[in-house]
Number of protein chains: 2
Amino acid sequence: MTKRETLNVRLERFYAEARKAGLRITPQRLAIFKLVAGSVSHPGAEEIHRQLRRSFPMISLDTVYRTLWKLADLGLVSALGQERIQLRFDANQNRHQHFTCKRCGLIRDFTNARLSALGIPSEAAQFGQAEDLRVEVRGVCSACLRKKAPGEGKNNNSKPKTSSIRRRT
Amino acid sequence: MTKRETLNVRLERFYAEARKAGLRITPQRLAIFKLVAGSVSHPGAEEIHRQLRRSFPMISLDTVYRTLWKLADLGLVSALGQERIQLRFDANQNRHQHFTCKRCGLIRDFTNARLSALGIPSEAAQFGQAEDLRVEVRGVCSACLRKKAPGEGKNNNSKPKTSSIRRRT
DNA sequence: TCCTAAATAAGAATCATTACTATCTAATAA
DNA sequence: TTATTAGATAGTAATGATTCTTATTTAGGA
Ligand SMILES: [Mn+2]
Ligand SMILES: [Mn+2]
Ligand SMILES: [Zn+2]
Ligand SMILES: [Zn+2]
């Protein structure tokens, strides 16, 4: 699949999902999605904002963020890194894996023999010198499941204000 | 190994590494390391600070951060999450893996069949509902390798000021 | 074309983290 | 034991990414 074909497939999905969700297709939103969908660099919000200023000199950074999170809600993009903002520290230097709760930020250790045995994949070498491999299982912890297990509409719009966790999903 | 034994092993290492690196063992540093080493919750700096106020009412948040990074430099703790601070977005919704440069924050996609085939490990279930598994290879990208390949003392103290990346390692 | 809920721009606010600086102290040697 | 001093700390200001607030604009349906 060429780069152009990939972009088109993603755009189709964008239109389809946006329509399904009753999301307005503004020029800003379209431009933001196109930029991310056509990029291989996993850009951050500032970078996207800087690029888009060329065609939308007045676009605000806030719009970029709002749009990206909307797209994430629709499953059209993913947020990388963490969604939690605080750094977390770990004194366990044995090889192990983490379970992370995407709601409250809980992190717990576990050890799985198969995962611990994984070597650095050869594909990584093309980008530079690989040093280690991290495996993270993401989900929702037992405590958070208990909190509001039932009654979750597909579009959970509880305003999160500012907790340790920046966003849902 | 009991919890107490684990803590003692870690403390041994702390003293050994600190001595080796000529690091002063202050009451604050010892307390910070003990707290992290005795915890299973991967605490953040604020949390550590709050706990330590009980025994050191005057301890500053800055000391907590400085100490944690020092410990990280010595390989006694790891920083989780990302060291990059900016969120990054990804429109590739096919299963794939990432290579991440710990110096400049570059992120690139790759696909490894074995990694893509990994299922959620059973050990994760004890913590709640697991949803997905992320694999990240961390290292140094080609461009960064070129920049200052030689002449790196073991303790690279270039002041990082504030770039997109918060820290080395 | 008109209406209205949703989206935007602008800028203030927040929060985690880092920087600055005056003081303090652990480690060493006299 | 005391003096010395490089390294560490507390306190506080600064920074930078992200989110919030509000007045204005607009997409899309009637
Ligand atoms: Mn851990
Ligand atoms: Mn990707
Ligand atoms: Zn949780
Ligand atoms: Zn790099």
Side-chain angles (χ1 to χ4, degrees), chain A residues 15 18-19 21-33 43-50 52-53 55-73 79-89 105 155 157-168, chain B residues 15 18-19 21-33 43-50 52-53 55-73 79-89 105 155 157-168:
Chain A
Y15 283 113
R19 205 176 309 119
L23 197 73
R24 289 186 186 174
I25 298 181
T26 65
Q28 290 94 332
R29 281 178 174 168
L30 184 57
I32 291 168
F33 182 72
E46 295 275 8
E47 173 66 13
I48 294 168
H49 185 238
R50 192 166 40 248
L52 287 185
R53 265 180 196 290
S55 15
F56 299 82
M58 294 290 107
I59 194 169
S60 77
L61 190 52
D62 182 64
T63 296
V64 174
Y65 276 108
R66 258 185 301 102
T67 301
L68 288 167
W69 286 120
K70 267 278 195 275
L71 295 173
D73 286 349
L80 300 188
Q82 50 307 329
E83 29 260 45
R84 88 200 55 86
I85 188 72
Q86 278 194 135
L87 280 165
R88 305 284 288 270
F89 295 88
N155 223 346
N157 276 325
S158 63
K159 214 181 228 178
K161 264 300 190 193
T162 308
S163 79
S164 189
I165 296 294
R166 203 174 290 281
R167 280 280 173 168
R168 71 179 164 300
Chain B
Y15 284 112
R19 206 176 309 120
L23 196 75
R24 290 189 184 172
I25 299 180
T26 65
Q28 290 94 333
R29 283 179 173 167
L30 182 56
I32 290 169
F33 182 72
E46 296 275 9
E47 173 66 11
I48 295 167
H49 185 237
R50 192 165 41 246
L52 286 186
R53 266 180 196 288
S55 15
F56 299 82
M58 295 290 109
I59 194 170
S60 78
L61 191 52
D62 183 63
T63 295
V64 174
Y65 276 107
R66 259 185 301 103
T67 301
L68 287 168
W69 286 121
K70 267 277 194 278
L71 295 173
D73 285 350
L80 300 188
Q82 48 309 330
E83 27 259 48
R84 87 197 60 86
I85 187 72
Q86 278 194 138
L87 281 164
R88 305 284 290 268
F89 295 88
N155 223 345
N157 275 325
S158 63
K159 216 181 226 178
K161 264 299 190 191
T162 307
S163 79
S164 189
I165 297 294
R166 202 175 289 282
R167 280 281 171 165
R168 69 179 165 300

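Note: hydrogens, waters and symmetry copies are ignored here, and every other heavy atom, side chains too, is used. Below, chains carry the letters A, B, ... as their sequence lines are ordered, and counting in each starts from 1. Just so it is clear, the structure is predicted and the values come from calculations on it, not from any experiment.
B:F56 places its CZ atom 18 Å from the P atom of C:dC24, with the value rounded to the nearest Å. For B:H49 and D:dT9, the NE2 to C1' distance is 12 Å, given to the nearest whole Å. Here C:dT8 presents its P atom at 12 Å from CG of A:L52, a figure rounded to the nearest Å. Residue A:L23 contributes atom CG, which lies 12 Å from atom P of D:dG29 at whole-angstrom precision. Taking atom CE on A:M58 and atom C1' on D:dT24, their separation rounds to 15 Å, with Å as the unit. C:dA6 atom P lies 22 Å from atom CH2 of A:W69, rounded to whole Å. Regarding B:Q28, its CD atom lies at a distance of 17 Å from the P atom of D:dG7, rounded to whole Å. What separates CG of A:D62 from P of C:dT8 is a distance of 9 Å, to the nearest Å.
At least one side-chain heavy atom of B:L87 sits less than 4.5 Å from a side-chain heavy atom of A:W69. Between B:T63 and B:T26, the closest side-chain pair of non-hydrogen atoms is not below 4.5 Å. The shortest side-chain heavy-atom distance between A:T67 and A:Q28 does not fall under the 4.5 Å cut-off. Between B:I32 and B:Y65 there is no side-chain heavy-atom pair separated by less than 4.5 Å.
With DNA chain C read from its 5' end, the first of the two nearest nucleotides for B:G44 and A:T63 is the one closest to A:T63.
Counting non-hydrogen atoms under 4.0 angstrom, A:L61 reaches a base of the nucleic acid.
Considering only side-chain atoms of A:E46, the nucleotide from C:dA9, C:dA5, D:dA17 that sits closest is D:dA17. Side-chain proximity of B:R29 to the nucleotides D:dA8, C:dT18, D:dG11 is greatest for D:dA8.
A donor-acceptor pair is defined here as one N or O able to donate and one able to accept, closer than 3.5 Å; no such pair exists between the side chain of B:R29 and the backbone of B:K70.
Phosphate proximity of D:dT26 to A:T26: absent, as no side-chain N or O sits under 4.0 Å from OP1 or OP2. Distances shown here put every side-chain N or O of B:R24 at or beyond 4.0 Å from the OP1 or OP2 atom of D:dA6.
Put simply, the side chain of B:R66 and the base of D:dA8 share no donor and acceptor less than 3.5 Å apart.
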